[in-house]
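Here the structure is laid out as structure tokens; the discussion comes afterwards.
Just so we're on the same page: letters track the sequence lines, and every chain starts at 1.
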Number of protein chains: 2
Amino acid sequence: MVSRTRNRPERPATVERKASVLEAALNCFAVNGVDGTTIQDIQRSANCSIGSLYHHFGSKDGIAEELFIDGIQNLNRGMLTKLRRCKNGEESVKAVVGQYCDWSTRNKDLARYLHSRDIEFSSEARIRLKEIHRDYIGAIYAWFAPFVARREVRVLPVDAYVPLISGPIHEYVRRWLSGHHENPPAKVKSLFADAAWNAVKG
Amino acid sequence: MVSRTRNRPERPATVERKASVLEAALNCFAVNGVDGTTIQDIQRSANCSIGSLYHHFGSKDGIAEELFIDGIQNLNRGMLTKLRRCKNGEESVKAVVGQYCDWSTRNKDLARYLHSRDIEFSSEARIRLKEIHRDYIGAIYAWFAPFVARREVRVLPVDAYVPLISGPIHEYVRRWLSGHHENPPAKVKSLFADAAWNAVKG
DNA sequence: CTTTTACTAGAACGAAATTCTAGTTACGAT
DNA sequence: ATCGTAACTAGAATTTCGTTCTAGTAAAAG
């Protein structure tokens, strides 16, 4: 477990195989849920052996964790890239909402999986996730700090910004992903973007 | 499975036993997570036999489902009761936020469990949950309809109300329950209540 | 060319969910 | 009151499924 993640670079075949396993796993999870998916399902779907799975991921939860972490990082990266093209507080707040809509629509299965929280994370993975979250939130706050400083954005308890800006669209998307309502996020994007800006503007 | 749920009323001892199993299960889930809890853990903790568990609940997921459904209904009931004491749109919207804070604080383990989504629901349970949700949402909309009719509350796409009103506080509470921030919901209750009202007032 | 290490393979193992068989207890009908 | 039936309890037997283990093959390093 220790030696696997350090040292030598992975062979090209390894990178491919790991990617194909994660893809296969996501498909299985999307169809049968995490618990409903067996190691054999993944192994068959990825055309590899059990030994290979365990060599690369260590456990079933290991696969689930890596998929989860990759997904979060993909989402975060996209968000920061989008954000850094914005010129002011209003554009930024609205971009957060818009990007979340777009990403979730483009990556439905992955979005559903990230919402599902069906994974028993190892303590290592939990620590890793905390780090990722801390770094991400740090970058986000750093981006918004100037807008708050010049009172473009309202001063609030730090923990309140994310819920106020992203809470409604998260809730909407979660419901949409589980089939609760008709309109795809694109249809309500600007409504929620306006509401978010309204909630935090100075 | 079919005959169990119809026909004869349950004996008093049965009601007690089922309740004690659900309580035991919630404790185990809170400590070790759903996956980390074995049937034996529950069985020992509830002082009953494996046969008894399977007689009453059919499976481990059956226990998890019933706990989930009971929890949702408890939450819904409390919300409607609170709501029906309100006199106007503003009071109602703010009551939704306040009641959610209070309930989650009073029932931390259950709230965490409801947020966890760690359950593979059977199709029966999924249908049941849809029904419950439909009825609940129906009652909520019926309550708010008059306020919308007289433009106390803004006219919006139906699917937007819940996310706009409850989205932020849901997000906040979810983060609080998983240890992300300091302030208990009570501390930010009025902030989020005001924001919710602001988002939907006419 | 040899040695080492990454990687693949699938049979064997063990833990935990579920099923099965054999009961016991409550309760309505006769 | 007692008989028959269905609710309920019990825990051993079985099955399922994640994980480990042993035996290899392919590829890179020396």
Worksheet, complete the sentence: The answer to which of Ile39(A) and Gly51(A) contacts DNA chain D further toward the 5' end, by nearest nucleotide, is Ile39(A)
Worksheet item: Is there a donor-acceptor contact under 3.5 Å from the side chain of Tyr113(A) to the main chain of Ala30(A)?
Response: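 Looks like no, no N/O pair under 3.5 Å.
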Report yes if at least one side-chain N or O of [X] is closer than 4.0 Å to OP1 or OP2 of [N]; otherwise report no.
| X | N | value |
| --- | --- | --- |
| Arg17(B) | dA7(D) | no |
| His55(B) | dT9(D) | no |
| Ser49(A) | dT8(C) | no |
| His56(A) | dA6(C) | no |

Discussion item. The side chain of Ile50(B) is closest to which nucleotide in this list: dA10(D), dG11(D), dA11(C)?
Written reply: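 So the nucleotide nearest the side chain must be dG11(D).
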Worksheet entry | Carboxylate-amine/guanidinium contact Glu124(B) Arg128(B), below 4.0 Å |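 No salt bridge links Glu124(B) with Arg128(B).
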Fill in: N-O pairing of Lys18(A) and Glu66(A) below 4.0 Å
yes
[atom1] of [X] versus [atom2] of [N]: gap in Å, rounded?
| X | N | atom1 | atom2 | value |
| --- | --- | --- | --- | --- |
| Tyr54(A) | dC13(C) | OH | P | 17 Å |
| Phe57(B) | dA7(D) | CZ | P | 16 Å |
| Asp35(B) | dA16(C) | CG | P | 12 Å |
| Lys60(B) | dA15(C) | NZ | P | 16 Å |
| Gln40(A) | dG10(C) | CD | C1' | 11 Å |
| Lys18(B) | dT9(D) | NZ | P | 11 Å |
| Ile63(A) | dC17(D) | CD1 | C1' | 13 Å |
| Glu16(A) | dC7(C) | CD | P | 13 Å |

Worksheet item: Where do Arg112(A) and Arg174(A) land on the side-chain contact (heavy atoms from CB on, under 4.5 Å) test, with the steps shown first?
Response: CA-CA 8 Å; Arg112(A) 221 187 306 266; Arg174(A) 205 165 53 66; over 6 Å; no
Worksheet item: Between Tyr172(B) and Phe192(B), is the ring centre distance below 6.0 Å?
Response: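 Close enough - the centres of the two rings lie under 6.0 Å apart.
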